[in-house]
2 protein chains.
Amino acid sequence: MPLDPLSSTFAALADPTRRAILARLALGETSVMELAKPFDMSLPAISKHLKVLEHAGLISRGREAQWRPCRIAPASFKEVDGWLGNFRRFWDESFNRLDGLLEEMKAEEAAKAPPRSNRKVRVQKEKQRGRTRG
Amino acid sequence: MPLDPLSSTFAALADPTRRAILARLALGETSVMELAKPFDMSLPAISKHLKVLEHAGLISRGREAQWRPCRIAPASFKEVDGWLGNFRRFWDESFNRLDGLLEEMKAEEAAKAPPRSNRKVRVQKEKQRGRTRG
DNA sequence: CGGTTAAATAACCTTTGGGTTAAATACGCC
DNA sequence: GGCGTATTTAACCCAAAGGTTATTTAACCG
């Protein structure tokens, strides 16, 4: 019984070896052998980790002769970030528009500048991201 | 052998029941009974899920008479987002400064405006977040 | 005190996960 | 074709995860 995609992705991220592999891949596409080097672990174990990451949509794999170069796949990262966005207001104090407005007001106060007229509160776009801060 | 904090957090998020609980808590603090209602699952099972979430730092629990109200705890969410930030450039095309600059240039080109002098690229603050978009 | 409600713990079961070693597959090269 | 390198698959092991029911703890209420 396969998990829903988001669960698979989070599960894949819940292992330090796999996160280290992703960190390595953030530096650029590379082979399984290369990925395996830093770890005191058998090659099949790495192979399994890669399968988990691939199944989770976090990496994709090409074919070049006998190598299967791995690279970061963006989609699932984006899914995770999107889900996380539902909670951003709990920890990013400048996240919601009201806060943003208040902080702008404070900033103006601090700068002792006269109030400006066409000051606008920026609207959120695309599911909780893309706001100006500070 | 306890997992590192980030692994515990991702593992906690890798279950749809637990994510649903968090989604409910995003609406506000509530009791275990209340949280359990939507699920076709025994109360001890929910209790275990809550323990996992608490251990992962995703919720905290108070005491009010015989109730233990649960609420979202921000810190671990922030940790996850911070980690995710290392990969943001892979899927948020407006994330990195060079892209931002290029897009501004394109926008200016499109507007057929003369080049402006004190146009500045905004600097990233606080680990991969807080950029202006568009 | 005794009863009722809220929640956690204990003991247990079954499935999944992460690791191993040994064998198989895929491809390039001489 | 046969060899060597890269990678996956198979078979197995043990620990951890997610669920259950039965029992226990905690707090209010009358």
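Letters A, B, ... are given to chains in the order of the sequence lines, protein chains preceding strands, and every chain is numbered from 1. Since this is a predicted model, take the numbers as computed values, not measurements.
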Between C:dA6 (C1') and B:Lys51 (NZ): distance, integer Å: 16 Å
Would you give the length of the straight line joining atom CG of B:Leu58 to atom OG1 of B:Thr9, rounded to the nearest 0.5 angstrom? 5.0 Å
Using a 4.0 Å cut-off on heavy atoms, which residues in residues 24-36 of chain A reach DNA chain C? List them by number, or say none. none
Roughly how far, to the nearest 0.5 Å, is the CZ atom of B:Arg18 from the OG atom of A:Ser7? 9.0 Å
How close or far is atom P of D:dT9 from atom CD1 of A:Ile46, stated in whole angstroms? 15 Å
Is a side-chain donor or acceptor of B:Ser76 paired with a backbone partner of B:Ala56 at a separation under 3.5 angstrom? yes
Looking at every heavy atom in both B:Asp81 and B:Arg88, which two are closest together, and how far apart are they? OD1-NH2, 3.3 Å
Gap separating the CG atom of A:Leu13 from the CG atom of A:Leu53, nearest 0.5 angstrom: 7.5 Å
Considering non-hydrogen atoms only, spot the tightest contact between A:Ala14 and A:Arg19 and give its length. C-NH1, 3.8 Å
Nearest-Å distance, CD (A:Glu64) to P (C:dA26)? 19 Å
Give, ordered by number, those residues of residues 66-73 of chain A having at least one heavy-atom distance below 4.0 Å to an atom of DNA chain C; if nothing qualifies, reply none. A:Gln66
Between NZ of B:Lys37 and C1' of C:dT5 the distance, given in whole Å, is 13 Å
Supply the atom-to-atom distance A:Glu54 CD to A:Ser47 OG, rounded to the nearest 0.5 angstrom. 9.5 Å
Value in whole Å for how far the C1' atom of C:dG18 lies from CZ of B:Phe10: 19 Å
Nucleotide-resolved protein contact map, nucleotides 18-23 of chain D, B/S/- at heavy-atom distance under 4.0 Å: SBBBB-
Take atom CZ of A:Arg63 and atom C1' of D:dA6, then tell me their distance rounded to the nearest Å. 12 Å
Just say parallel, tilted or perpendicular for the rings of B:Trp83 and B:Phe10, cut-offs at 30° and 60°. perpendicular
Rounded off to whole Å, could you give me the CG-to-P distance for the B:Leu3 and D:dA15 pair? 15 Å
Specify the residue among B:Arg61 and A:Ala65 whose closest nucleotide of DNA chain C lies further upstream toward the 5′ end. B:Arg61
Under a 3.5 Å cutoff, is there a donor and acceptor pairing between the side chains of A:Ser60 and A:Arg71? yes
Does this structure show an ion pair linking A:Asp15 with A:Lys48, if we count only N-O contacts that are shorter than 4.0 Å? no
Pairwise distance CD(B:Glu64) to CD(B:Glu29) - rounded to 0.5 angstrom: 6.5 Å
